[in-house]
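A short write-up of the structure that comes next.
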Amino acid sequence: MSSVIDLLECLGQDANLSTADEFNEAINKADLTPELKSSLLKRDVTSLTKQLNISAELVCGLLPADEDEGEEEGETESPSESKSYNEEIA
């Protein structure tokens, strides 16, 4: 699989490989299985994900931090003012 990743990295970095002929030539010269070459030449993402056993979906989520309503910037609680989790439960 590393040879496929190396090829894809090379394709992304080399602007000269943006033409169809150079793209095809780079794939045909690469040390890949015939199935991988065929999928790359056809630009078949579904076939590539199955052959490489990877997921093409990526999900990312960001949640903003909650701010305490009573605190203003610069204010912090001292350790003696804050209760530990075990004290709150008891």
Side-chain angles (χ1 to χ4, degrees):
M1 179 155 88
S2 64
S3 57
V4 174
I5 302 300
D6 292 340
L7 175 64
L8 294 174
E9 180 182 7
C10 181
L11 291 172
Q13 291 178 352
D14 192 347
N16 294 328
L17 296 175
S18 61
T19 66
D21 291 335
E22 291 168 346
F23 177 80
N24 293 342
E25 183 180 342
I27 291 172
N28 287 321
K29 286 182 179 179
D31 182 30
L32 302 173
T33 65
E35 293 84 12
L36 283 172
K37 287 181 182 181
S38 175
S39 297
L40 286 167
L41 291 170
K42 293 177 185 177
R43 299 174 190 251
D44 185 356
V45 175
T46 304
S47 176
L48 282 172
T49 56
K50 287 180 183 177
Q51 290 179 54
L52 299 175
N53 194 25
I54 59 171
S55 175
E57 296 177 14
L58 177 65
V59 178
C60 180
L62 299 174
L63 299 174
D66 291 333
E67 292 186 26
D68 292 337
E69 292 178 16
E71 288 187 14
E72 294 180 16
E73 287 185 31
E75 284 186 17
T76 58
E77 286 185 36
S78 67
S80 62
E81 293 175 349
S82 64
K83 294 182 180 179
S84 71
Y85 177 74
N86 291 332
E87 291 175 353
E88 290 177 7
I89 293 176

inquiry  = According to salt bridge (Lys or Arg N to Asp or Glu O under 4.0 Å), does anything in residues 33-51 pair up with another residue at least two apart or in another chain? List the pairs.
reply    = none
ask   = Considering residues at least two apart in sequence or located in another chain, which fulfil the side chain to side chain donor-acceptor pair (under 3.5 Å) criterion with Thr19?
value = Glu22
message = I'd like to check the side chain to side chain contact (heavy atoms under 4.5 Å, CB included) partners of Glu9; sequence neighbours left out, ordered by chain and number.
response = Asp6, Gln13
Smallest separation among heavy atoms of Leu7 and Ala26, with atom names = CD1-O, 4.0 Å
ask   = How many angstroms lie between CD1 in Ile5 and CD1 in Ile54, if you round to the nearest 0.5 Å?
value = 6.5 Å
task = Could you tell me which residues satisfy side chain to side chain contact (heavy atoms under 4.5 Å, CB included) with Leu48, sequence neighbours excluded, listed by chain and number?
result = Leu36, Ser39, Leu40
